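A, B, ... follow the sequence lines: proteins, then strands. Residue 1 opens every chain. Computed over heavy atoms, backbone and side chain alike; hydrogens, waters and symmetry mates excluded. Quick caveat: nothing in here was measured; it's all calculated off a predicted structure.
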Protein chains: 2
Amino acid sequence: MNNNSGFIEKLRSSGLRPTKQRLEICKLLFDRKKTFHFTIGDLSKILKKETNKKISLATIYNTVHSFKKKGYLKEISVDREKSYFDTNTSNHHHFLDISTNELIDLKEEDVDNIKIKKSLPGKKIKSIEVLVKIENNN
Amino acid sequence: MNNNSGFIEKLRSSGLRPTKQRLEICKLLFDRKKTFHFTIGDLSKILKKETNKKISLATIYNTVHSFKKKGYLKEISVDREKSYFDTNTSNHHHFLDISTNELIDLKEEDVDNIKIKKSLPGKKIKSIEVLVKIENNN
DNA sequence: CACTACTTTAGAATCATTATAAATTGCATG
DNA sequence: CATGCAATTTATAATGATTCTAAAGTAGTG
């Protein structure tokens with residue numbers, strides 16, 4: 001379980017100053033047992049509700065982007081108008097529930113190892129991302 | 001090889017009036033041997049260059065969206081700020097070249113059949129999309 | 001032709017995101 | 001613990017892509 005001084009360490013070690021705002025966001029994002037999927041809009045609303053201090057929207061954008069750059073968040077783009085951030089940065093894939101717009105983690109072992117049989121000269125594979133769209137069954 | 005009257009038929013049969021603008025866009029998009037990947041911005045630029053008639057931006061948006069709805073185009077969202085349309089609407093996956101921002105088709109047989117070992121009650125799988133990010137090999 | 005519904009259009013409106021520049025804060029140093 | 005400086009935050013403005021609007025144009029039907 002991460003505590004405040006854990007977050008301070010985490011931030012410092014990646015060259016980010018542990019400011020009030022970043023710590024607040026850390027607590028909200030990383031102090032959980034389960035993976036958390038959110039859009040910037042979501043995060044902004046939650047911060048407004050759960051916190052008495054006001055964090056400016058620009059700071060929320062900045063923080064999420066620097067957390068992403070430092071590898072603390074992963075971005076999953078599901079369509080033109082919706083991009084989620086994922087606190088689970090391990091190698092894994094996703095269900096997207098079309099009926100509810102909810103993103104759900106697939107563990108690495110939930111998806112058979114994927115073999116790509118084509119390669120391009122001078123290029124190497126950086127990542128493989130699978131998005132499985134699901135919908136109601138009726 | 002599709003000709004103009006082929007496009008007229010195609011449009012009519014899906015309840016779209018074959019207007020000058022739509023035919024122009026059809027010719028540009030579908031009168032090719034190879035799959036074509038484009039953003040709306042790309043398409044707009046190409047139309048401006050290749051055509052003497054001016055097609056308004058709103059019409060380009062409308063047309064691409066109705067072609068997508070009719071199943072003539074597939075949309076591939078690669079990140080928050082970039083969404084491609086693909087004239088290849090068959091079941092297939094993609095390479096995204098991070099170095100050039102180019103999208104490249106993978107044929108269905110280029111990717112081993114993907115087995116999802118998890119299922120959610122009341123939900124069924126609608127589609128499986130694989131995006132393989134590649135980069136220069138140096 | 002004439003009518004009607006569909007389509008196109010230019011420009012305005014909207015929305016999310018990014019840029020700006022001033023105020024504030026963290027922290028190393030003395 | 002005061003000082004200085006760079007990093008950070010902030011409110012607000014700017015941007016840019018997409019959508020909306022409502023007026024003008026066009027296709028297809030009878």
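- With B/Lys123 as the partner, the side-chain hydrogen bond (donor to acceptor under 3.5 Å, both in side chains) test is satisfied by one option alone out of A/Asn137, A/Thr100, A/Asp97: A/Asp97.
- Along DNA chain D, read 5' to 3', the first and last nucleotides having any atom under 4.0 Å from a heavy atom of chain B are D/dA17 to D/dG28.
- Residues A/Leu131 and A/Phe95 fall into different hydrophobic clusters, defined by Ile, Leu, Val, Met, Phe, Trp and Tyr side chains chained together at heavy-atom separations under 4.5 Å.
- Taking every heavy atom of residues 46-55 of chain B and every atom of DNA chain C, pairs under 4.0 Å involve B/Lys54, B/Ile55, by number.
- You'll find the side chain of A/Asn88 stays beyond 4.5 Å of the side chain of A/Lys74, heavy atoms only.
- In this structure, B/Phe36 and B/Phe38 have parallel ring planes: the angle between them is below the 30° cut-off, well short of the 60° mark.
- Side chain to side chain, A/His37 and A/Asp105 meet the donor-acceptor criterion of an N or O pair below 3.5 Å.
- Here A/Lys70 pairs with A/Ser14, A/Leu16, A/Tyr72 under the side-chain contact (heavy atoms from CB on, under 4.5 Å) rule; sequence neighbours left out.
- Residues A/Leu57 and B/His65 both approach DNA chain D. Their nearest nucleotides, taken by heavy-atom distance, put A/Leu57 toward the 5′ side.
- There is no path of hydrophobic side-chain contacts, each under 4.5 Å, that joins A/Leu73 to A/Leu106.
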Which donor-acceptor pairs under 3.5 Å do the side chains of residues 109-121 of chain B make with protein atoms, sequence neighbours left out?
| unit_1 | atom_1 | unit_2 | atom_2 | d |
| --- | --- | --- | --- | --- |
| B/Asp110 | OD2 | B/Lys107 | N | 2.8 |
| B/Asp112 | OD1 | A/Lys117 | NZ | 3.0 |
| B/Lys117 | NZ | A/Asp112 | OD1 | 3.0 |

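- Evaluation of the side chain to side chain donor-acceptor pair (under 3.5 Å) rule for A/Glu9 yields no partner, not counting sequence neighbours.
- Between the CG atom of B/Asp79 and the C1' atom of C/dT17 there is a distance of 13 Å, given to the nearest Å.
- In this structure, the CZ atom of A/Arg80 is 15 Å from the P atom of C/dA16, given to the nearest Å.
- One hydrophobic cluster holds both A/Tyr61 and A/Val64 under the rule that ILVMFWY side chains link at heavy-atom gaps under 4.5 Å.
- If you measure from atom OH of A/Tyr61 to atom P of C/dC15, you get 13 Å, rounded to the nearest angstrom.
- The number of heavy atoms from other shown groups lying within 6.0 Å of NZ (B/Lys45) does not exceed 12.
- In this structure B/Thr63 satisfies the side chain to side chain donor-acceptor pair (under 3.5 Å) test with no other residue, sequence neighbours excluded.
- For DNA chain D, the neighbouring residues in residues 17-27 of chain A, judged by any heavy atom under 4.0 Å, are A/Arg17, A/Thr19, A/Gln21, A/Arg22.
- Residues passing the side chain to side chain donor-acceptor pair (under 3.5 Å) test with B/Lys68 are B/Glu75, sequence neighbours excluded.
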Scan nucleotides 20-24 of chain C against the protein and return all N/O pairs shorter than 3.5 Å with their distances rounded to 0.1 Å.
none

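- Axis deviation across the helix from C/dC1-D/dG30 to C/dG30-D/dC1 amounts to 30°, comparing end segments of five pairs, rounded to 10 degrees.
- Distance CD (A/Glu75) to C1' (C/dA16): 13 Å, rounded to an integer number of Å.
- Computed from coordinates, the A/Ile60 CD1 to C/dT17 C1' distance equals 13 Å when rounded to whole Å.
- Note on A/Ile98 and A/Ile134: separate hydrophobic clusters, where clusters join Ile, Leu, Val, Met, Phe, Trp and Tyr whose side-chain heavy atoms are under 4.5 Å apart, directly or indirectly.
- Among residue pairs with one or both ends in residues 127-138 of chain A, those qualifying as salt bridge (charged side-chain N to carboxylate O under 4.0 Å, His left out) are A/Glu129-B/Lys133, A/Lys133-B/Glu129; sequence neighbours excluded.
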Can you give each donor-acceptor pair under 3.5 Å made by side-chain atoms of residues 47-58 of chain A, sequence neighbours left out, with the distance rounded to 0.1 Å?
| unit_1 | atom_1 | unit_2 | atom_2 | d |
| --- | --- | --- | --- | --- |
| A/Thr51 | OG1 | A/Leu47 | O | 3.0 |
| A/Ser56 | OG | A/Ala58 | N | 3.2 |
| A/Ser56 | OG | A/Thr59 | N | 3.4 |

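- Of the two residues near DNA chain D, A/Leu16 and B/Arg12, the one whose nearest nucleotide lies more 5' is A/Leu16.
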